[in-house]
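These notes concern the structure reproduced below.
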Amino acid sequence: MAAPKRMVPGFAILLLLLGCTVMAVDLYSANTNPEVQEFQRVELSCVIKHTNTDNPRVEWKKIRNGDISYVFFDNIIQGDLKNRAEIKGGISLVIFNASRTDTGRYRCEVAAAEDQKRFSEITINLTVTVKPVVPQCKVPKSVPVGKSAVMHCQEKEGYPSSVYRWYRNGDPLPDDSKSNPKFLNSSFMQNISSGTLVSSCLLMTL
C-alpha cells in the first residue's frame, strides 16, 4: 500500500479558507444621511460590495409616517418620483428637483439568487431642507400697566422647523431674563421653537 502524501501546511490552510468562504450579497452606502436643499439634485448611494449573482434584483422603497411605498420596482421608477428620478450604476437612486415631500427613509433592497445569503438591504435617511420665509409677527400696540405682553413671530415654510430669537436694541434676548444680569430689571421669557415672547416690563423698550 502506498504511503499517503504529505500536504504542505500552507496549501492546507489555503484550502481551508477557500472552503469556508461564504458568498453573500452585501451592501454599503457612501452617505446614509444625505441632506439637500429643495429643488436640487441628490443621490441616495447604494453599492453592492460583493455578490456571486450576475444580475441581482434591485428594489427601492420609501418609508414615511409608517407607510411603505415602492420607488423602484420591476426596473421602473414608481409613484411621485416617476419622471424625476433615475437609477445610477444599476443600483443608486438619483432624485432630481427634490421636493420637501421627498424627505423620509429609503430602503435599498437587493436579492441575489446565486448567493448563499440571498438578500441584503440598507436604509438611507433623506432630509430635504426648505428655506424659511419672512415670519408673520403679532405685537400688541399697547398693554395696560401691570399686564403681560405676548408677542409672537412664526413662519411655516422652513424645514426643519425654524428657530426664533428676539432682540432688544440689537442685543439677543436670553430665554429667561433671570439668566442674564443685563436683563435683571426686565421680566420676560421666550420660546425659541414657537417664536413667542412673554414680557411684563419689556414692551416699551423693544
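Positions are given from 1, in the same order as the sequence printed here.
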Closest non-hydrogen atom pair between [X] and [Y], with its separation:
{"X": "S120", "Y": "V25", "answer": "CB-O, 3.6 Å"}
{"X": "S162", "Y": "P132", "answer": "OG-CB, 3.5 Å"}
{"X": "V130", "Y": "E38", "answer": "CG1-OE1, 3.5 Å"}
{"X": "P140", "Y": "A149", "answer": "CG-CB, 4.3 Å"}
{"X": "S194", "Y": "H152", "answer": "O-CE1, 3.0 Å"}

Is [X] linked to [Y] within one hydrophobic cluster, defined over Ile, Leu, Val, Met, Phe, Trp and Tyr using a side-chain heavy-atom separation of less than 4.5 Å?
{"X": "I87", "Y": "L81", "answer": "yes"}
{"X": "V94", "Y": "Y106", "answer": "no"}
{"X": "M189", "Y": "L173", "answer": "no"}
{"X": "I77", "Y": "Y70", "answer": "no"}
{"X": "I48", "Y": "I124", "answer": "yes"}

**Prompt:** Taking it one step at a time, do V150 and K138 satisfy side-chain contact (heavy atoms from CB on, under 4.5 Å)?
**Reply:** CA-CA 8 Å; V150 179; K138 296 180 180 180; over 6 Å; no
With a 4.5 Å heavy-atom cut-off, do [X] and [Y] have their side chains touching?
{"X": "P174", "Y": "F188", "value": "yes"}
{"X": "W60", "Y": "C46", "value": "yes"}
{"X": "Y159", "Y": "R100", "value": "no"}
{"X": "L126", "Y": "I95", "value": "yes"}
{"X": "T127", "Y": "N125", "value": "no"}

Within 6.0 angstrom of [X] [atom1], more than 12 heavy atoms from elsewhere:
{"X": "R84", "atom1": "CZ", "answer": "yes"}
{"X": "Q136", "atom1": "CD", "answer": "no"}
{"X": "Y28", "atom1": "OH", "answer": "no"}
{"X": "N33", "atom1": "CG", "answer": "yes"}

**Request:** Begin from the C-alpha positions of V198 and N191 and carry the test side-chain contact (heavy atoms from CB on, under 4.5 Å) through to its verdict.
**Result:** CA-CA 9 Å; V198 179; N191 186 317; over 6 Å; no
**Derivation of the side-chain contact (heavy atoms from CB on, under 4.5 Å) call for R165 and I192** = CA-CA 6 Å; R165 183 67 66 184; I192 62 174; 3.7 Å; yes
**Request:** Check the pair V71, Q78 against side-chain contact (heavy atoms from CB on, under 4.5 Å), reporting the backbone distance first and the verdict last.
**Result:** CA-CA 5 Å; V71 172; Q78 308 281 333; 5.8 Å; no
**Message:** Given 3.5 Å as the limit, does a donor-acceptor pair link the side chain of Y164 with the main chain of E155, or not?
**Reply:** yes
With rounding to the nearest 0.5 Å, note down the distance linking [atom1] in [X] to [atom2] in [Y].
{"X": "E59", "Y": "R107", "atom1": "CD", "atom2": "CZ", "answer": "10.0 Å"}
{"X": "Q116", "Y": "N52", "atom1": "CD", "atom2": "CG", "answer": "9.0 Å"}
{"X": "Q154", "Y": "S193", "atom1": "CD", "atom2": "OG", "answer": "10.0 Å"}
{"X": "D67", "Y": "K62", "atom1": "CG", "atom2": "NZ", "answer": "10.5 Å"}
{"X": "K61", "Y": "S69", "atom1": "NZ", "atom2": "OG", "answer": "10.0 Å"}
{"X": "K82", "Y": "I76", "atom1": "NZ", "atom2": "CD1", "answer": "7.5 Å"}

**Request:** May I ask you to check whether T53 and D115 show a side-chain donor-acceptor distance below 3.5 Å?
**Result:**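 Result is yes, a qualifying pair exists.
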**Item:** Member of T103, N97, T101, D102 meeting the side-chain hydrogen bond (donor to acceptor under 3.5 Å, both in side chains) criterion with S99
**Value:**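 Of all the options given, the one that passes is T101.
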**Item:** Name of the residue among L44, T123, L93, I91 meeting side chain to side chain contact (heavy atoms under 4.5 Å, CB included) with C108
**Value:** I91
